[in-house]
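The structure appears right after this line, and notes come after that.
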Amino acid sequence: MNVKEIFDSMDYGPAPESAAEALAWLVDQGSRFGQFIDGAFTAPGKGFDSRNPATGEVLATVSQATQADVDAAVAAARKAQPAWARLGGPGRARHLYAIARLLQKHARLLAVLETLDNGKPIRESRDIDVPLAQRHFYYHAGMAQLMEEALPGRAALGVCGQIIPWNFPLLMLAWKIAPALAMGNTVVLKPAEYTSLTALLFADLCRQAGLPKGVVNIVTGDGAVGEMIVGAEVDKIAFTGSTEVGRRIRAATAGTGKALTLELGGKSPYIVFDDADLDSAIEGLVDAIWFNQGQVCCAGSRLLVQEGIAETFYSRLRARMDKLRVGDPLDKCIDIGAVVDPVQLQAIGAMVAENSAGETYRAEVGLPETGCFYPPTLITGMAPSDRLMQEEIFGPVLVSCTFRTPAEAVQLANNSRYGLAATVWTENVNLALDIAPKLAAGVVWVNATNLFDAAAGFGGVRESGFGREGGWEGLAAYTRPVTKTRPLPPIAPLSGSGGPADPLDRTAKLYIGGKQARPDGGYSRPVWGKSGALLGQVGVGNRKDIRNAVEAAQAAAGWAKTTGHMRAQILYYIAENLSARAPEFARRLDAMQGGRQGDKEVAAAIQRLFTYAAWADKYDGQVKGVPLRGVALAMKEPVGVIGALCPDEAPLLGLVSVIAPAIAMGNRVVAVASEPFPLAATDFYQVLDTSDLPGGVVNILTGSHAELAPVLAAHLDVDAVWSFSSTDLSAEIEGASAGNLKRTWVNYRRARDWAVNDSGEWLAQATEIKTIWVPYGE
Ligand code: NAI
C-alpha cells in the first residue's frame, strides 16, 4: 500500500510488535515449566499446554502442581517467613524496589509475553498492565519502608495463599504479592491455568533480584491446585475470580481461622446523564466494556442512559463500535484482541445466543478467521430483570436500558447482587457528587472509567466480595494486631433454685425497633445470681425474632445519612443517661457475676461511649494523590446492618464496646446480649429509650448464641456479622455467611480484656471504604 492509497482509505497500516524475544525466552526455558518453590524451579511434571488464544499455537507446557508441590511451597514459605519479617521494613523495601526495577527493565518482554498468553492488545499490556504492576511494587516498597513508623502495633499474618484469575495475570500478581511482601508475609501464589507465563517470568525475576528463597513461591495448575492452597496450612487466602468460586472458598475456610479477602465479579453500571459530554462518555465506554475484551471484573457492562438522549447516544455509540479494530493482539493499532480461551469464547456466545430480550447490535467489524475473537456487541432496550442485565458476561458485550430521573438511575444501578464499581457521566458536579454516595459500589468513577492506581483502594461490596487492595486500606488485609488474640473458655451461666426476691413478674423482653417485644416463641429462661437467687427472666429469642430485628434495622436506614455530629450527640446522651443510673447498673453486674467490679465496668462503659462519640465526627476519609488528572477520595461509609454476638464476659462493657463503634459510624445493629449474663443488656433498653436514638438503630435480643448466630449469618439483609461469644461459632458464622458473602469478624477476642480499647480496629470493621475518582487540577 502506498501513501496515496493510505490517504484514500484512511485505513491503519499494521504495526506489529515483535514476538521474537518472548518466544526465545520460552525456548530458553525449555518451553516446559515446573513449579517455583524455595527459590528454584522444580523439574516439569505432568501438565497442560498454554496456548496463544489469537492463533491457537502452543506457547509452552505448564505443570499441574501436585499435593506434594503445594505442601513443599507452603513449607518453604513458612520457613522463610520469620527471617523475612525480621528483615524489617527498610530491608524488605530494598527487595521490592529491586523487583520494581527489574519489572521496568523487562517491561517489553513482560508485555509481549502477556499479550501472547492472554490475547490482550499489546497497547494495553504495554501501557496499562505492566506499568501498573511496576507502580504497585514501587508504591509498596514505600509501604514497607514506612511500616514501622506508620503502622505501629501491626504485624505480618504469616504465609499467604493467593489465587488469581487470567484477565490481568501480571497485574493481579502484583496486587497480591507486593502488599503481602511489604508487610512481612511470604506467599504461595497460583496463577490461572490459562495464563501462567508472566507469573513464571516473574519468578525468574525474583531469583535475579536476589529475593531470599521461599519468600515467593509460584505453583501452577487448575482449580484443583487452588483447592489445595485453600486447604493448606496458610494464614490467609486472597482470591480474585468468580463469585461462585469465591463462595466455595468462603465455605471451605469457615472456622479455620484463616484470614480471607475476596475480589469477585461485578455487573457495574455506567450511568450517562443527559448533560454529559457525549463524546467523552462514548470514549469512556470503549474503555469501560471493550478494554481487555470486556474481561474485566469492574467492566462498565450495564449502560444506563437518560431517556432524552438515548437514541442519539446509541446511534453515536454504534458508529463508534464500527470503528473499533479487532484483530492480532500484537498489532499496536488494535483496540480489541482475543478472548482468553475457546471455553470463554463459547460461554460468551452461548449467553448472547440464549438471550431474546432487547435489540442486539453486532459491530460491523472484520474478525480474523481463526482465533478467539468476538465482535463488540450492544444490546439495548433491556429490562432490569433480564438475565444479561444481572449476570456477568465477561466479554465484549454491553447491555443497556434507559432511565428518567437521577433517583431512578440510582435504583437501577443498585438493582444488582454485585457492588464492585460504577461510573457516572455528567457535566454537573452537584449531580455527580450527589449520586456517588448513593451507589452500592466499592469504586465510583466520575467522568472517567477503569482508573486504577496502587494508592487507591479497589474492591467491592455485596457479592463482589470484601476487602480492599491498594492504598493504606489494602494493608489491613496483610497485617494483624501485634497482640495475638486467643479463644476464651466458654462461660456457663450460673445456676440456682431460689424463688424471686420480688413477686412481680420481671421477665425482660427483647428490644426491637425501639420497642420492647415479647419473644416470638413465648419462652423465657431464668437468670441466677452467684448465691443461687433468681435475678430475673429473659426472653429466648428465635429465628423469627432475628428476622423482625433485621427488618427494624433495615427500616432505620436513615441513620446512615445522619451527620457524625448528630451521632456524636446521641452517643454522649446515652453516656450521660448511663452515668445517671451507674449505681443501679453496677449492682446488677455484681449480682449477676458475683463480683465487686461492677462500678468499674460501668465507668469503663461510659468512657467507651464517650470515646466513640468523639470518633463519630473524626474518623475521616482520605484524599489519595494519584498519578492522573484527578484525585481518589477514600470515603468511609457504614457497612449497613451489623449482626453481633456480644461477649459473655463484661456484659455491659462488652455490649457497649460492640454497639458504640457500629452506630458511631452510621450502622444499625442487631446485638445478641451476653448469654450467661444478659440482664445488663435488657436494663440498657431504658437508657437507649431516653437518649433520642431512633428506633431500629439498635436492636437487642437475648437467647442462645449458638442458635441465633447462624440465622444472623445466613440472613441476606445483614451486611456483616461479628462474634465475641465465648462459644466458638466461627465455623457456623463464616460458613453461613457464604450466602451473600457478608463480611465477618469472628476471631478477634482478647481474653477478658475489654478494658483495653483499640478504636482503629473497631472503626475499620464498622466501615467500608468507597473510592471515588473525581477530576481535579490540571
Ligand atoms: P475462576 O473463578 O474459576 O478462576 C479464578 C482462579 O481460581 C483461577 O486461578 C482458578 O484456577 C482458581 N480456581 C478455580 N476453582 C477453584 C477452587 N475450587 N478453589 C480454589 N481456586 C479455584 O474463573 P474462571 O472459571 O476462569 O472464569 C469463569 C467466570 O468467572 C468468568 O466468565 C467471569 O465471569 C468470572 N471471573 C471473574 C473474574 C474477576 O476478576 N472478578 C476473573 C476471572 C473470572
Side-chain angles (χ1 to χ4, degrees), residues 47-48 50 53 62 64-65 70 117-120 129 161-169 171-173 175-176 188-199 218-232 234 237-253 258 260-268 289 291-299 301 339-352 372 374 387-388 390-397 417-421 442-443 450 452 458-460 462-467 469 738 741:
F48 49 91
S50 196
V62 177
Q64 170 84 0
V70 171
D117 202 16
N118 167 281
K120 60 175 68 206
D129 296 59
Q162 306 181 315
I163 300 165
I164 58 170
W166 40 260
N167 50 352
F168 294 91
L171 184 55
M172 287 302 107
L173 171 149
W175 279 26
K176 295 279 180 284
V188 176
L189 176 134
K190 188 190 89 62
E193 53 273 38
Y194 301 140
T195 54
S196 313
L197 300 182
T198 46
I218 309 275
V219 291
T220 52
D222 61 14
V225 181
E227 275 178 39
M228 291 175 203
I229 296 175
V230 170
V234 295
I237 294 289
F239 173 76
T240 298
S242 60
T243 295
E244 186 199 333
V245 173
R247 195 170 271 131
R248 247 187 282 161
I249 293 177
R250 169 68 292 181
T253 53
K258 289 174 193 166
L260 178 66
T261 43
L262 298 174
E263 201 269 275
L264 309 175
K267 191 77 192 178
S268 298
I289 184 66
F291 170 49
N292 203 19
Q293 298 68 250
Q295 303 166 129
V296 183
C297 49
C298 53
S301 53
V339 165
V340 71
D341 189 86
V343 170
Q344 283 295 316
L345 184 68
Q346 199 270 333
I348 297 164
M351 281 185 92
V352 175
C372 298
Y374 197 88
R387 179 177 170 222
L388 294 192
Q390 294 295 333
E391 283 183 27
E392 199 172 26
I393 302 173
F394 229 64
V397 182
R417 63 194 174 105
Y418 296 114
L420 191 50
V443 184
N450 273 342
F452 310 99
F458 183 89
R462 299 184 172 174
E463 291 184 35
S464 293
F466 45 77
E469 299 190 280
L741 289 163

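Atoms within each ligand, like the ligands themselves, are counted from 1 in listed order.
Atom numbering of ligand 1 starts at 1 in the shown order; those under 4.0 Å from a heavy atom of Gly265 are 41 (N). Shown in contact with Glu392 at under 4.0 Å from a heavy atom are these atoms of ligand 1, numbered in order with element: 33 (C), 34 (O), 35 (C). Counting atoms of ligand 1 from 1 in the listed order, those under 4.0 Å from a heavy atom of Glu227 are 17 (C), 18 (N), 19 (N), 20 (C). Ligand 1 places these atoms under 4.0 Å from at least one heavy atom of Arg248: 18 (N). Residue Pro165 has at least one heavy-atom neighbour below 4.0 Å for each of these atoms of ligand 1: 42 (C), 43 (C). The distance from ligand 1 to the heavy atoms of Lys190 drops below 4.0 Å at these ligand atoms: 8 (C), 9 (O), 10 (C), 11 (O).
The aromatic rings of Phe168 and Phe291 sit tilted relative to each other, their planes meeting at an angle between 30° and 60°.
Between Gly265 and Ser464, the shortest heavy-atom distance links the atoms O-OG, 2.8 Å.
Within the 4.0 Å heavy-atom criterion, neither part of Ile229 lies near ligand 1. For Ile393, no heavy-atom contact with ligand 1 is shorter than 4.0 Å. Within the 4.0 Å heavy-atom criterion, neither part of Gln295 lies near ligand 1.
Counting only distance, with no hydrogens or angles, the side chain of Gln295 and the backbone of Asn292 share a donor-acceptor pair below 3.5 Å. A donor-acceptor pair under 3.5 Å links the side-chain atoms of Lys267 to the main chain of Glu391, judged by distance alone. The backbone N or O of Asn167 lies less than 3.5 Å from a partner atom in the side chain of Lys120, making a donor-acceptor pair. When atom types are taken as modelled, the side chain of Arg462 and the backbone of Arg417 share no donor-acceptor pair closer than 3.5 angstrom.
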Item to check | Phe458 and Cys298: CA distance, side-chain angles, deciding distance, side chain to side chain contact (heavy atoms under 4.5 Å, CB included) verdict | outcome: CA-CA 10 Å; Phe458 183 89; Cys298 53; 3.8 Å; yes
Next on the checklist: Under the criterion side chain to side chain contact (heavy atoms under 4.5 Å, CB included), I'd like the reasoning laid out for Gln346 against Asp341: C-alpha separation, chi angles, the key distance, then a yes or no.
Outcome noted: CA-CA 9 Å; Gln346 199 270 333; Asp341 189 86; over 6 Å; no
Next on the checklist: Working note: Gln64 + Val225, criterion side chain to side chain contact (heavy atoms under 4.5 Å, CB included); need CA distance, chi angles, decisive distance, verdict.
Outcome noted: CA-CA 8 Å; Gln64 170 84 0; Val225 181; 3.5 Å; yes
Item to check | Phe48 and Val62: CA distance, side-chain angles, deciding distance, side chain to side chain contact (heavy atoms under 4.5 Å, CB included) verdict | outcome: CA-CA 5 Å; Phe48 49 91; Val62 177; 4.0 Å; yes
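Ranking protein heavy atoms by distance to atom 2 (O) of ligand 1, first place goes to Ser242 OG, 2.7 Å. At the top of the distance list for atom 8 (C) of ligand 1, counting protein heavy atoms only, stands Ile164 O, 3.5 Å. When hydrogens are left out, the protein atom nearest atom 12 (C) of ligand 1 is Ile163 CG2, 3.7 Å; that is the closest non-hydrogen contact. When only non-hydrogen protein atoms are considered, atom 21 (N) of ligand 1 lies nearest to Gly226 CA, 3.5 Å. Closest protein heavy atom to atom 10 (C) of ligand 1: Glu193 OE1, 3.6 Å. Closest protein heavy atom to atom 13 (N) of ligand 1: Gly223 CA, 3.6 Å. With hydrogens left out, the protein atom closest to atom 28 (C) of ligand 1 is Gln344 NE2, 3.8 Å, a heavy atom. Given atom 39 (C) of ligand 1, the protein heavy atom at minimum distance is Cys297 CB, 3.3 Å.
When only modelled atom types and interatomic distance are considered, Thr198 and Asp117 share no side-chain donor-acceptor pair under 3.5 Å.
The side chain to side chain contact (heavy atoms under 4.5 Å, CB included) test with Lys190 singles out one residue from Ile163, Asp222, Ile164, Ile218, and that residue is Ile163.
Contact of the Val234 side chain with the Lys258 side chain is registered, since non-hydrogen atoms from C-beta on lie closer than 4.5 Å.
Considering only non-hydrogen atoms, atom 31 (C) of ligand 1 lies nearest to Phe394 out of Phe239, Phe394, Tyr418. Considering Thr243, Ile348, Leu420, Val245 only, the shortest heavy-atom separation from atom 16 (C) of ligand 1 involves Val245.
Look at Ala347 and you'll find every heavy atom at least 4.0 Å from all atoms of ligand 1.
Between Trp166 and ligand 1, an N or O atom pair is found at a separation short of 3.5 Å.
In this structure, atom 25 (O) of ligand 1 has its sub-4.0 angstrom surroundings free of protein heavy atoms.
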